[in-house]
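Here's the structure, in structure tokens; my notes come after.
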Amino acid sequence: MIIKLLIVLLLAMVLISLFRALYQLVRGQTHLPASHYLGRRVIFSVLLVILFLLAMMSGLLTLNPSPF
């Protein structure tokens with residue numbers, strides 16, 4: 001259950017940083033550039049992929065054996 005909560009939290013952080021970067025691009029006059037938030041989004045995405053891989057290798061998350 002904790003792994004699923006971490007996945008949802010990381011997905012939320014990816015979306016939040018994406019929308020903050022969009023807000024910075026639209027507004028245009030802030031002290032932090034939009035690339036700051038986009039960089040955070042990349043870091044959260046990499047952490048999410050690593051968490052998926054570790055959870056699948058340890059058996060905490062199981063893949064769907066059949067696509068139907």
Side-chain angles (χ1 to χ4, degrees):
M1 183 68 181
I2 293 175
I3 295 295
K4 292 178 183 178
L5 183 65
L6 283 174
I7 289 171
V8 170
L9 182 67
L10 281 173
L11 283 173
M13 293 301 292
V14 166
L15 286 175
I16 288 170
S17 61
L18 184 65
F19 283 114
R20 287 185 78 181
L22 176 67
Y23 180 72
Q24 295 294 333
L25 284 172
V26 170
R27 194 162 173 217
Q29 55 184 14
T30 59
H31 61 282
L32 286 176
S35 62
H36 175 76
Y37 296 111
L38 292 175
R40 283 187 179 181
R41 183 183 64 91
V42 170
I43 289 172
F44 290 137
S45 298
V46 167
L47 288 174
L48 187 64
V49 169
I50 290 172
L51 181 65
F52 268 125
L53 290 175
L54 289 175
M56 285 188 308
M57 287 191 306
S58 67
L60 294 173
L61 285 179
T62 57
L63 297 177
N64 189 7
S66 67
F68 304 107

Gap between atom CZ of R40 and atom OG of S45 - 0.5 Å precision: 13.5 Å
Shortest non-hydrogen separation from L6 to L51 and the atoms involved: CB-CD2, 3.8 Å
Close side-chain approach of L22 to L18, heavy-atom, < 4.5 Å: no
Spacing of CD belonging to Q24 relative to CG belonging to L38, to within rounding of 0.5 Å: 10.0 Å
Same apolar cluster (I L V M F W Y, side chains within < 4.5 Å links), V14/L5: no
From F52 atom CZ to L63 atom CG, the distance as rounded to the nearest 0.5 Å: 10.0 Å
Shared hydrophobic cluster, L11 / L60 (ILVMFWY, side-chain heavy atoms < 4.5 Å): yes
ILVMFWY network linking Y37 to L15, side-chain heavy atoms under 4.5 angstrom: no
Path from I3 to V8 over hydrophobic side-chain contacts below 4.5 Å: no
Qualifying residue, where the test is side chain to side chain contact (heavy atoms under 4.5 Å, CB included) with V46 and the options are I43, I50, V49: I50
Distance (rounded to the nearest 0.5 Å) between S17 OG and H36 NE2: 9.5 Å
Closest approach of S58 to A55 (non-hydrogen atoms, all atoms of both residues): OG-O, 3.3 Å
Distance, nearest 0.5 Å, that separates CG of L53 from CE of M56: 5.0 Å
Test item: L48 and F44 side chains (from C-beta on) under 4.5 Å apart, heavy atoms: no
Any K4 side-chain heavy atom under 4.5 Å of L61 side chain: yes
